[in-house]
Amino acid sequence: MAEPYTPQSIERKWQERWAAQGLYRTDLHATDRPKFYALVMFPYTSGDLHIGHWYNFAPADAYARFQRMRGNNVFLPIGFDAFGLPAEEAAIKHGIHPFTWTRQNIERMTAQLKTIGGMFDWSRSLATCYPEYYKWNQWFFLQFYKRGLAYRAKAPANWCPHCQTTLANEQVVDGACERCGTPVTRRDLEQWFFRITQYADDLLDFSEIEWPERVVVMQQNWIGRSTGVEFQLGVEGRPDLHIAVFTTRIDTVFGMTYVVLAPEHPLVDQLTAPEQRAAVAAYQEQARRQSEIERLSTEREKTGVPLGSYAINPFNGERVPIWIADYVLSTYGTGAIMAVPAHDERDFEFAQRFGLPIREVIRPPDRAGDAPLTAAYTGPGVMVNSGPFSGLPSEEGKERLADWLEERGLGRRTVNYRLRDWLISRQRYWGTPIPIIYCERCGTVPVPERDLPVLLPEDAEFRPTGESPLKLHAGFVNTTCPQCGGPAQRETDTMDTFVDSSWYFLRYLDPHRDDVPFDQALATRWTPVDQYMGGVEHAVMHLLYARFFTRVLHDLGLVPYKEPFKRLYNQGIILGPDGQRMSKSRGNVVNPDDYVRQYGADTVRAYLMFLGPWNAGGPWSPQGIQGPWRFLNSVWELASEDPPAPAQPDARAEADLRRLMHRTTKIVTERYASFQFNTMLAELHTYRNGLQRARGRVSAALWDEAIRRLLLLLAPTAPHLTEELWERRGYSGSVHLQAWPTWDEALTVEERVNLVIQINGKVRDQIEVARGLSEEQVRPLVLERPKVQAAMDGRQVRKVIYVPDRLVNLVIG
RNA sequence: GCCGAAGUGGCGAAACUGGCAAACGCACCGCACUCAAAAUGCGGCGGGCGUACGCCCUUGUGGGUUCGAGUCCCACCUUCGGCACCA
């Protein structure tokens, strides 16, 4: 009787031994093998590694191990995303300094992470809250600033009038301050931006990356490129004024019955007639009070106020009223629109509410001319009521009207994006200080590079006011101007943590360098990342910012490529046993540590990989983990003790086992490579079943080879178990340093196959035949079958469909 | 509303390029081992009819293409995810 499988002691033993041997320290300078940079999205230092982390890291680690055994020099780093709001909130709530809180969490999470048994290279770990890291955020900021890619402008922030502080979006709950419940308003503050819009078009080029289609689509929607025309409207009685509007439907311009400006539009004052002043001012005030979220809600009924002035349509000289309404955004296009209610749903709704005229100018092919419009028609059609352009197809009309405007210098074709510049200012303590100094005499002065890092002072005070402690820290704020030496103040805002995560993959290569942000030679050799693995929740922000950042680095000559992550894979989400998203309030949270204690990390890894397709996720079943547990136990038993060799090996059993061995090797290899871990493990189950059948019936040499393969194929998934068995069976070296097994294609196929016989598409019989028979060879065999004779019932064969080695379909009638 | 993904046994799922639907596993049932239980092993396990050889039905719904459809096409229903007045 073999000793039982005790994962706890085995796993501890190998984790210690691997660390002592430096088994997972990647030699980044090795040139004997191709490099492979595998990357997982670094965890936020929340304090606890939850099942979602395991679901990302364990299969990702198996994939990295597979790539390593296949002969690649694999680098799989790990680190911590360590700045951000929760640390600050913990500081206020528990009276603990963000630094302490974060450091403790890093320690705890590091210990948890090590139980996964991953091939992380801990010698190159990093955390973004250390000056050696964030110094380079500041350095990048200065490079961006030099190139005009960082600028300061007024931007609205969420503002709590009661707490007198700005709030992050996460701190706004249902439009109210999470701390005191006061409705949140907007307040304009001077804040810092990165000019990502300059790269909008370039970011739409996905040709060099292999990413999930849906992520690409999300980014495309986010960037939101739309082509159209911007043109000028005259103002009645004010030849000095013009209103610029943007439209994608210039073909509908003869249907313009009014014009709308955003409430914040700079021309509102000049365009407001005296009798409308009070109403307009009141509307503007109301719009200002409303938060962005409320204002953007589509549920709301549309509101607006006429200015009492009129715009002139350049195409026909018609005068139309000018309104302000908050359904027009000041931040998109020109902040003003031509309203065509007949062909735009929003304008239609507004016109109906305020009794404005609705004039049809595009006729759909299937519509009679006399029926009144009951809804906006937004499709293409033939232009009507459009003066000289009537009768043109609308698509052609777009071009003609654009030409007409451009010829007269009244407008031009242009492109707009939904994408806004990246607001990086946070009115918070726990982040990278923005390296800017404000001097009364010299204005905005960047901190000289030699003075970096601008250190985050540790002796800050945390008060529950929500105000950034940096603002109250005299020693930090007050400084001298690097240009004139006079008194000056530091910028007290810190950077968005997405800056940290935009380039961490480069820092991993040499995380403690003090002279450069990253080693350029290593970066040229190792990046871009070959395979990035993480949750789809980062489909837009993080991944888009990193792509932008990398493009800037490219233009700065720091890296020779534009895309940071060549391939991306999104794992799904692990749900609670009830099939719902895990949450503390539902009480369905699965703690991975409990299962690791009970079954060991290898079983947890195998179960996470087996429970469903990796990109789909699914419910965690406390019973389902029994499957992988039993499987690993049976592997343990098979490999621990060899059966007595038979006096005479069974030739049939040997042939079957050999074929199964090669077949399994092939399929398992393909499945690892394509992230199909669930079916990869199903294949190994089948292999295990075959081994149990063959046990004691095949030669000792073949048995040993079959078990050896089992361990190799399973090693990426269950690294501890296989390493232990590898050692016990007397093989030398680590199982994880072995070459991946190969297979002989000819040995993967059966020489006899089951041929299905269908009659009129229904399965009626099957025969076992040699592989590779021709239709002529098969036909008589099929026709003589009694079942076929019976089913044919004397009728004629009209047609025979033969799929070699699969089926014969007789069409009779 | 728009964009995207997906609907298959009691459950998680599998099915390469249109070719035996339900591999692999969980749960369950029966048997063996046991004083007993657990663990383990063996067998069964979509539905209906039939003593049986077997026959019929079944991949969200309704149509279509095809010798043949879970897979392709059209319409619809449901669920999940993203965006949400971007002119």
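Each chain gets a letter, A, B and so on, in the order its sequence line appears, and its residues count up from 1. For the numbers below, each heavy atom of this structure counts, side chains included, while hydrogens, waters and symmetry mates do not.
- Taking atom C1' in both rC77(B) and rG62(B), one finds a spacing of 10 Å when rounded to whole Å.
- rA5(B) sits 14 Å from rC74(B) when the P atoms are compared, rounded to a whole Å.
- In RNA chain B, runs of at least 3 consecutive Watson-Crick or G-U pairs, each pair with both distances below 3.5 Å, span B:1-7 with B:77-83, B:10-12 with B:24-26, B:28-32 with B:40-44, B:46-49 with B:54-57, B:60-64 with B:72-76.
- The Arg581(A) side chain lies nearest to rG81(B) when the options are rG81(B), rA84(B), rA27(B).
- With hydrogens and angles ignored, no donor-acceptor pair under 3.5 angstrom links the side chain of Glu345(A) to the base of rG1(B).
- Between Ser226(A) and rA87(B), a side-chain N or O to OP1/OP2 separation shorter than 4.0 Å is present.
- One can place CD1 of Ile573(A) at 14 Å from C1' of rA6(B), the figure rounded to the nearest angstrom.
- Taking the P atoms as reference points, rA27(B) lies 12 Å from rA38(B), given to the whole Å.
- Which of rA14(B), rC3(B), rC26(B) sits closest to the side chain of Asn221(A) comes down to rC3(B).
- For Arg771(A), the CZ atom counts as densely surrounded, since its 6.0 Å shell holds more than 12 non-hydrogen atoms of other residues, nucleotides or ligands.
- As a whole-Å value, the separation of Tyr258(A) OH from rA87(B) C1' is 11 Å.
- Using a 4.0 Å heavy-atom distance criterion, Asp347(A) is classed as making no nucleic acid contact.
- Using P as the reference atom, rU59(B) and rG64(B) are 16 Å apart when rounded to the nearest Å.
- Ile801(A) comes within 4.0 angstrom of a base, heavy atoms only.
- The CD-P distance, from Glu670(A) to rU17(B), rounds to 12 Å in whole Å.
- In this structure, CD of Gln766(A) is placed 17 Å from P of rG19(B), rounded to the nearest angstrom.
- Comparing rG54(B), rA27(B), rC24(B) by their nearest atom to the side chain of Arg630(A) picks out rA27(B).
- The side chain of Asn809(A) sits closest to rG68(B) out of rC85(B), rC3(B), rG68(B).
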Evaluate Tyr802(A) against Glu776(A) for side chain to side chain donor-acceptor pair (under 3.5 Å), listing each step before the verdict. CA-CA 10 Å; Tyr802(A) 178 56; Glu776(A) 288 68 36; over 6 Å; no

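- Donor-acceptor pairing under 3.5 Å, judged by distance alone, is absent between the side chain of Arg764(A) and the base of rC55(B).
- Separating the C1' atom of rG9(B) from that of rG25(B) is a span of 14 Å, rounded to the nearest Å.
- Using P as the reference atom, rA23(B) and rG46(B) are 8 Å apart when rounded to the nearest Å.
- Close to rA14(B), at under 4.0 Å from its OP1 or OP2, lies a side-chain N or O of Asn678(A).
- Crowding of Glu768(A) atom CD: a count of heavy atoms from other residues, nucleotides or ligands under 6.0 Å exceeding 12.
- Atom pair Arg225(A):CZ and rC83(B):C1' shows a separation of 20 Å (rounding to whole Å applied).
- Both tests hold for Arg547(A) against Trp211(A): distance to the six-membered ring centre under 6.0 Å, angle to the ring axis within 45°.
- Proximity of Thr197(A) to Tyr417(A): side-chain heavy atoms (C-beta onward) are nowhere separated by under 4.5 Å.
- Within residues 211-218 of chain A, the residues having any heavy atom closer than 4.0 Å to RNA chain B are, in order of number, Arg214(A), Val217(A), Met218(A).
- Put simply, Tyr327(A) has no side-chain N or O that comes within less than 4.0 Å of OP1 or OP2 on rA87(B).
- Ring orientation note: the planes of His685(A) and Phe610(A) are nearly perpendicular, at an angle over 60° on the 30°/60° scale.
- Side-chain proximity of Arg688(A) to the nucleotides rG12(B), rA84(B), rG25(B) is greatest for rG25(B).
- The aromatic rings of Tyr569(A) and Trp614(A) lie parallel to each other, with less than 30° between the two planes, well short of the 60° mark.
- Distance from the side chain of Pro613(A) is smallest for rA14(B) among the nucleotides rG25(B), rA14(B), rG81(B).
- At whole-Å resolution of the value, CE in Met680(A) and C1' in rG25(B) are 14 Å apart.
- A cation-pi contact, defined as under 6.0 Å to the ring centre and within 45° of the axis, is absent between Lys302(A) and Phe350(A).
- Separation of the Trp422(A) and Tyr545(A) ring centroids falls under the 6.0 Å cut-off.
- For Arg806(A), the side-chain atoms get nearest to rG19(B) when compared with the rest of rA27(B), rG19(B), rC24(B).
- Closest contact between the side chain of Gln758(A) and the listed nucleotides rC24(B), rG19(B), rA27(B) involves rG19(B).
- Atoms CH2 (Trp222(A)) and P (rG81(B)) sit 17 Å apart, rounded to a whole Å.
- Each of Phe610(A) and Gly224(A) was assigned the nucleotide of RNA chain B with the nearest heavy atom; the assignment lying further toward the 5' end belongs to Phe610(A).
- Nearest to the side-chain atoms of Pro619(A) among the listed nucleotides rC24(B), rG12(B), rA27(B) stands rG12(B).
- In rG9(B) the base sits syn relative to the sugar, since the glycosidic angle is no further than 90° from 0.
- Using a 4.0 Å heavy-atom cutoff across all strands shown, Thr247(A) reaches sugar-phosphate atoms only and no base atom.
- Crowding of Gln789(A) atom CD: a count of heavy atoms from other residues, nucleotides or ligands under 6.0 Å exceeding 12.
- Minimum atom distance to the side chain of Ala682(A) is reached by rA23(B), of the listed rA23(B), rC57(B), rG68(B).
- In this structure, Arg359(A) pairs ionically with Glu318(A), as a charged nitrogen and a carboxylate oxygen lie closer than 4.0 Å.
- Note: CG (Leu810(A)) to P (rG19(B)) measures 19 Å, nearest angstrom.
- Around the CZ atom of Arg663(A), the shell of radius 6.0 Å holds no more than 12 heavy atoms that belong to other residues, nucleotides or ligands.
- Around atom CZ of Arg659(A), more than 12 heavy atoms belonging to other residues, nucleotides or ligands sit under 6.0 Å away.
- Comparing the same atom, P, in rA69(B) and in rG18(B) gives a spacing of 14 Å after rounding to whole Å.
- An OP1 or OP2 oxygen of rG25(B) is reached within less than 4.0 angstrom by a side-chain nitrogen or oxygen of Asn689(A).
- Under 4.0 angstrom from either OP1 or OP2 of rG54(B) there lies at least one side-chain N or O belonging to Lys787(A).
- At the heavy-atom level, Pro628(A) lies nowhere under 4.0 Å from the strands shown.
- The C1' atoms of rG70(B) and rA13(B) are separated by 14 Å, rounded to the nearest whole Å.
- A sub-4.0 Å separation between OP1 or OP2 of rC57(B) and a side-chain N or O of Lys762(A) is present.
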